[in-house]
Amino acid sequence: MAIKQTVRELAIFGGSPAFEQPLHVGRPNLGDRERFLERVNDILDRRWFTNNGPFVQEFEKRLAEYTGARHCIAVCNATVGLELTIRALGMTGEVIVPSFTFVATAHALQWQGITPVFCDVDPRTHNLDPERVLERITPRTSGIIGVHVWGRPCAVDRLTEIARARGLKLMFDAAHAFACSHRGRMIGGFGDAEVFSFHATKFLNSFEGGAITTDDDELAARIRLMKNFGFSGYDNVIYVGTNGKMPEISAAMGLSSLEGLDDLIAVNRRHHRSYREGLRGIPGLTVLEYDPAEKSNHQYVVVEIDAAKVDLDRDRFVRVLHAENVLARRYFYPGCHAMEPYRSNDPDAARFLPETERLCTRVMTLPNGTSVGPGDVDTICSIARYCGENASSIRARLG
Ligand code: T4K
């Protein structure tokens with residue numbers, strides 16, 4: 001519901017906001033509502049609500065087919081998925097992770113008494129820089145967790161090479177990367193295992209949910225047991241386990257979401273292109289691109305702001321946009337290393353993370369998906385352009 005195409009006065013200075021209702025980053029996409037409601041009725045009729053029900057099994061099968069992975073294990077969310085995979089892989093001591101990620105990646109380690117060792121990212125890809133990974137390996141290192149940030153694949157080949165040479169486990173946090181590919185192969189089949197998130201804000205959404213994919217039969221069997229308290233048949237517990245099960249209602253949503261996948265990619269891609277065109281030529285603003293040779297969900301519209309070129313830093317851009325009801329986000333500010341308990345555990349971590357620190361002050365993500373209406377992207381771009389063209393005076397007025 002855009003109400004201003006030509007910016008006359010910004011809302012932050014008393015103008016009326018561009019949008020009457022907030023436009024969120026991460027607003028959930030709805031699949032086919034009718035199909036979902038039919039499935040809800042099936043669940044109620046069957047009275048089978050959780051514990052590896054038929055929709056969960058169908059969802060796992062479809063996800064495995066889609067990703068090409070040998071095994072897919074649906075879980076209640078990606079955080080628990082990461083915890084299960086870390087544990088099932090036998091990671092201990094220290095594990096190398098980026099700090100430029102959602103805090104769940106680090107928490108999944110710390111929760112199990114494993115130290116996340118934060119490693120810098122490549123500023124071009126925003127993903128782990130393999131050469132920096134080498135510098136962070138110690139005798140206590142047991143593994144590496146790469147994060148395919150924004151759905152753009154990590155340097156999978158080099159990380160695999162390093163992990164093999166150093167005898168380390170390698171897994172990927174693929175929370176952002178469902179329906180993305182690397183060298184023509186779908187994300188889901190790399191490393192020892194990969195973990196997807198199907199949180200409401202994610203590209204594929206099951207309200208809450210996630211999935212672990214792996215080609216390793218033994219690992220898959222172990223994770224399956226662990227996610228169900230360690231039960232191997234009735235009355236027989238053979239591991240310490242947890243409750244990582246996905247309920248049927250989530251699988252129903254996930255299946256409906258999966259059926260609408262291609263339409264959603266088309267919407268995301270179209271918006272992404274409009275943002276690129278609409279923001280082109282504004283000094284200091286760069287929209288992150290997706291490799292056209294690969295599959296991508298185009299879920300994240302990531303803008304890097306170089307304050308030296310535009311004279312208005314990222315935080316002021318975000319303040320202006322929020323006043324317009326465009327709820328741009330500063331993912332992943334301030335970086336995990338600057339959050340507790342990591343900040344206290346290693347107050348000097350930033351010395352290893354110059355690129356992360358720089359990115360954390362420059363990156364903003366903009367709304368995408370089916371809740372973004374026709375014309376909304378143009379309006380958002382017109383606000384950004386106005387900011388770019390009047391940066392010095394806006395900065396002076398904002399203080
Ligand atoms: N690894 C990575 C790299 C991740 O990004 C994440 C999750 C994980 C692991 C862990 O996955 P899960 O365990 O969650 O499956 C959000 C999400 O909660 C989180 O799932 C996601 N990453 C992260 C990047 O974003 P917040 O704290 O920013 O969420 P929140 O509540 O501010 O919501 C974001 C926006 O979406 C808001 O503007 C409101 C809107 N929204 C949200 C929900 C939940 C809606 O409009 N409707 C909704 O139902 O973390």
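Counting starts at 1 for both ligands and their atoms, in listed order. This is a predicted model, so every value here is computed, not measured.
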Atom 13 (O) of ligand 1 [closest protein heavy-atom partner, distance rounded to 0.1 Å]: T79 OG1, 2.5 Å
Geometric class of the F178/Y66 ring pair [parallel <30°, tilted 30-60°, perpendicular >60°]: parallel
Min heavy-atom dist G209 to ligand 1 below 4.0 Å: yes
Aromatic ring proximity, centroids under 6.0 angstrom, F352 and F118: no
D173 contact mode with ligand 1 (heavy-atom cut-off under 4.0 Å): side chain
Side chain, backbone, both or neither: H176 near ligand 1, heavy atoms under 4.0 Å: side chain
Option set L82, T201, T365, V75, criterion heavy-atom distance to atom 43 (C) of ligand 1, minimum: T201
Closest protein heavy atom (residue, atom, distance) for atom 21 (C) of ligand 1: K202 NZ, 2.8 Å
All pairs passing salt bridge (Lys or Arg N to Asp or Glu O under 4.0 Å) where residues 268-277 contributes a residue, at least two apart: R276-E289
A104: numbered ligand 1 atoms lying under 4.0 Å from its heavy atoms: 8 (C), 9 (C), 10 (C)
Ligand 1-proximal atoms of A175, by part, heavy-atom distance under 4.0 Å: side chain
Any L327 heavy atom less than 4.0 Å from ligand 1: no
Lys NZ or Arg CZ of R46 over F55 ring: under 6.0 Å, within 45°: yes
F198, portion touching ligand 1 at heavy-atom distance under 4.0 Å: neither
Y300, F102, F196, F207: member with heavy atom nearest to atom 23 (C) of ligand 1: F102
Atom 31 (O) of ligand 1: any protein heavy atom closer than 4.0 Å: no
